[in-house]
*Asks:* 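So that we are looking at the same thing, I have put the structure below in structure tokens.
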Number of protein chains: 2
Amino acid sequence: MRVQGHDTRAIWLEPDGKSIGIIDQTKLPHEFATRRLTNLAEAAQAIQSMQVRGAPLIGATAAYGVAIAMKHDASDQSLDQACKTLMATRPTAVNLRWAVEEMRRYLSGLPPSARAAKAYERAAAICDEDVEINRAIGDNGVVLIEAAWRKKGERGAVEILTHCNAGWLATVDWGTATAPIYRAQELGIPLHIWVDETRPRNQGASLTAWELREQGIAHTVIADNAGGHLMQHGRVDLCLVGTDRVTATGDVANKIGTYLKALAARDNNVPFYVALPSPTVDWTIADGVREIPIEERDAREVTEIAGRLPDGTVARVQLTPDGSPAANPAFDVTPARLVTGLITERGICPASRDGLLSLFPERRLAANA
Amino acid sequence: MRVQGHDTRAIWLEPDGKSIGIIDQTKLPHEFATRRLTNLAEAAQAIQSMQVRGAPLIGATAAYGVAIAMKHDASDQSLDQACKTLMATRPTAVNLRWAVEEMRRYLSGLPPSARAAKAYERAAAICDEDVEINRAIGDNGVVLIEAAWRKKGERGAVEILTHCNAGWLATVDWGTATAPIYRAQELGIPLHIWVDETRPRNQGASLTAWELREQGIAHTVIADNAGGHLMQHGRVDLCLVGTDRVTATGDVANKIGTYLKALAARDNNVPFYVALPSPTVDWTIADGVREIPIEERDAREVTEIAGRLPDGTVARVQLTPDGSPAANPAFDVTPARLVTGLITERGICPASRDGLLSLFPERRLAANA
């Protein structure tokens, strides 16, 4: 997608053929800064500190992280260490696990001398596959936006509410929840996006708003508290969010607060769709609320917030009184019963085991095996 | 309630017998600063700029604002001007209207020479009545906390989630939603309060957390997004919030985001109670979502936030990219069907017309007249 009018991806191989370029997303929206990852520790730290974030981009970064590690030392021990280090960075993201396991599977059968080159090849392929998957999510999901546009008599703009950042910054390109939006823009459908700021890390206010502005799509940032009120007053046609993990039964783990928007959508008959690449499905679990571990992040993400001072510098300010503790669960689980449908690279399905199996029948065979 | 170990109220007559003391709540939680109001414009500005906020305290300040105006000029024209000026400061607050109308009614029949003294008397009485009302809300509401304590076998602590600040800072003393909490503390019931930070103005993180810390009550600040997740995991025994306006049918206008918490409470069988002094009931309207005007505040409350820099100074930082607009509806309406009960100075009732009339039967006569 576009940055300052130029097409870019969220991760790329640098011209030296070994280091990896990323956008330091912790600097957005006030500064567009790129960073070069040259070793395993830097790759792990980029994930842990959320310079890269978003399930698919975490997976892509982890894949390249393994490749970088293989360039330095392609032994079994090094491969094992790289996988362990990367896996420990973010416990909730299933794509991380998927990408690391894929790299381990792909490389462990190869002689160490062949591993580095093959690792870069596989990581690049994972990135390209992600782009193709998200483009397909866009093609499939845009149908919902076209339907919403027809339903309102092709007047005004289709009003879409999104939470957190499931945009191209969270993937390699296109984004998941944003892919249908970017496709709709290509088709000339007038759009207006309600952007939940998404406390505590404000990925909506800082990343989604930035993406949409760069892409020239009309949008309005709102406090996370506002979405229910807007839905009550008919000002949201469609909710579109991403996810970090979907259970085999269609429960959706996503950024904290997603569940509240899904409740409001149901209470106001607003369709609530979740966009995901199929590696996000965790076929091993069935009950999202009970079984998905929820990362508890640093309380300072709640008690402090970063922003730009009038002089242009970025600073953190403390919001709470000294001595008042804070809690920071990073995700919540939206039960499948609140989800209108899942948008995947293979099509749209109900958020249920049968729905998912209708798109991924090979999993039925696996389940019966 | 207590500030630095000393008992105080949120508004008081200064020793000069004419100016009014308030706490500048925009400075909290980082600085405890008081301010002296000496003329009508200062009183109106204190309300408008939210140095005082919270429905009952706005009413008390408006009453004293009329008194101050009468001290300067007790003519009919001055009384009319004072009422108009104060009424225009905050459109949603029904207590503001109630207090201003009460002062007008009380004073307009008096000769101008008698108005100033009587106005101060009536304003002081409004404050004392507010304290009595909130003490009664505490006595009535504490029963719910005692019941929650027994229900969990008197183990751990009663976990209460609250939104915004319906504490003593929002009233003259005791608070509305906090009155039962402060009463429970007096009775020795162990408590833990989940404090919604309440974006965009962060009254929870800055005011409720400050109150609870000063009062020595265990609490944890959370992003507004977190409450649904906590309820899903059984970590909230009771929701207790205040309100700016309740319809005759029990719909509840309160700080933006309240509706989302009420939806989550219902989805998880968590009792959701609203505490209110009876002047908060607007007996003239029946459909809260359609009929209550919702104040749209400055977008900069969303795009910027104030906090304390590491050097101790307070600064505003910008959260959003330049050129991304924001919207800022300040309140939402929670339909009565989501409210377990209303806690008033006369007792607890269902959130319905019949429920309210059971506590305020004189309104039935008025309705039939």
Side-chain angles (χ1 to χ4, degrees), chain A residues 28-30 194-195 197-200 202 205-206 209-210 212-213 219-230 232-233 255-261 263-264 267 289 294 302-310 314-329 331-333, chain B residues 28-30 194-195 197-200 202 205-206 209-210 212-213 219-230 232-233 255-261 263-264 267 289 294 302-310 314-329 331-333:
Chain A
L28 292 174
H30 308 299
W194 296 107
V195 179
E197 66 171 348
T198 319
R199 282 280 288 151
N202 272 31
S206 57
W210 181 85
L212 294 171
R213 190 199 64 174
H219 63 284
T220 302
V221 179
I222 49 175
D224 300 305
N225 284 323
H229 167 73
L230 294 172
Q232 277 181 322
H233 289 269
K255 188 62 52 193
I256 191 78
T258 302
Y259 167 52
L260 296 172
K261 292 305 140 63
L263 285 167
D267 202 45
V289 174
I294 300 297
V302 176
T303 60
E304 301 175 3
I305 196 167
R308 193 178 63 185
L309 289 166
V314 171
R316 295 189 71 77
V317 294
Q318 179 178 323
L319 304 174
T320 50
D322 289 332
S324 282
N328 186 12
F331 301 90
D332 63 21
V333 174
Chain B
L28 292 174
H30 307 300
W194 296 107
V195 179
E197 65 171 350
T198 320
R199 281 281 288 152
N202 272 30
S206 57
W210 181 84
L212 294 171
R213 187 198 66 175
H219 64 283
T220 302
V221 178
I222 49 175
D224 300 305
N225 284 323
H229 168 74
L230 294 172
Q232 278 181 323
H233 289 270
K255 190 60 53 194
I256 191 80
T258 302
Y259 167 52
L260 296 171
K261 293 303 141 62
L263 285 166
D267 203 45
V289 173
I294 300 296
V302 176
T303 60
E304 302 176 1
I305 196 167
R308 193 178 63 187
L309 290 166
V314 171
R316 294 189 72 78
V317 294
Q318 179 179 322
L319 305 172
T320 50
D322 289 331
S324 283
N328 186 13
F331 301 90
D332 64 20
V333 173

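We use all heavy atoms of the structure for the numbers below, so side chains are in, but hydrogens, waters and symmetry mates are not. Order of the sequence lines fixes the chain letters, A, B, ..., with proteins taken first and strands second; residue numbering starts at 1 for each chain.
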*Asks:* Looking at chain B, which one of A:Ile305, A:Leu212, A:Asp332, A:Leu260 has the largest number of heavy-atom pairs inside 4.5 Å, strictly under?
*Replies:* A:Leu260
*Asks:* So which of A:Ile222, A:Leu309, A:Thr258, A:Asp322 has the biggest tally of heavy-atom pairs under 4.5 Å with chain B?
*Replies:* A:Asp322
*Asks:* My understanding is that only residues two or more places apart in sequence, or in another chain, count here; which of them pass side chain to side chain contact (heavy atoms under 4.5 Å, CB included) with B:Thr303?
*Replies:* B:Arg300, B:Thr320, B:Ala326
*Asks:* Taking every non-hydrogen pair under 4.5 Å, which of B:Leu230, B:Val333, B:Asn328 racks up the most with chain A?
*Replies:* B:Val333
*Asks:* Between B:Asp267, B:Val302, B:Val314, who has the most heavy-atom pairs with chain A when the cutoff is under 4.5 Å?
*Replies:* B:Asp267
*Asks:* Could you pull out the closest heavy-atom pair between B:Trp194 and A:Ala327, with the gap in Å?
*Replies:* CZ3-CB, 4.0 Å
*Asks:* How many angstroms lie between atom OG1 of A:Thr198 and atom CG of B:Asp224, to the nearest 0.5 angstrom?
*Replies:* 11.5 Å
*Asks:* Heavy-atom pairs under 4.5 Å with chain A: which of B:Gly257, B:Pro310, B:Ala264 has the most?
*Replies:* B:Gly257
*Asks:* Closer than 3.5 angstrom, by distance alone: can the side chain of B:Gln232 be matched with the main-chain N or O of A:Val289 as a donor-acceptor pair?
*Replies:* no
*Asks:* Among A:Leu28, A:Thr220, A:Val195, which residue forms the greatest number of heavy-atom pairs with chain B at distances under 4.5 Å?
*Replies:* A:Thr220
*Asks:* Distance check, rounded to the nearest 0.5 Å: A:Leu319 atom CG versus B:Asn202 atom CG?
*Replies:* 5.5 Å
*Asks:* Which atom names give the shortest non-hydrogen contact between A:Pro321 and B:Arg213, and what distance separates them?
*Replies:* CB-NH1, 3.8 Å
*Asks:* Tell me which of these, B:Gly227, B:Pro200, B:Ala226, B:Gly323, has more heavy-atom pairs under 4.5 Å with chain A than the rest.
*Replies:* B:Ala226
*Asks:* Which heavy atom of B:His30 sits nearest a heavy atom of A:Gln318, and at what distance?
*Replies:* NE2-O, 3.1 Å
*Asks:* What are the two closest non-hydrogen atoms of B:Pro329 and A:His229, and how far apart are they?
*Replies:* CB-CD2, 3.6 Å
*Asks:* Could you report the tightest heavy-atom contact between B:Ser324 and A:His219, atom names first, then the distance?
*Replies:* OG-NE2, 2.7 Å
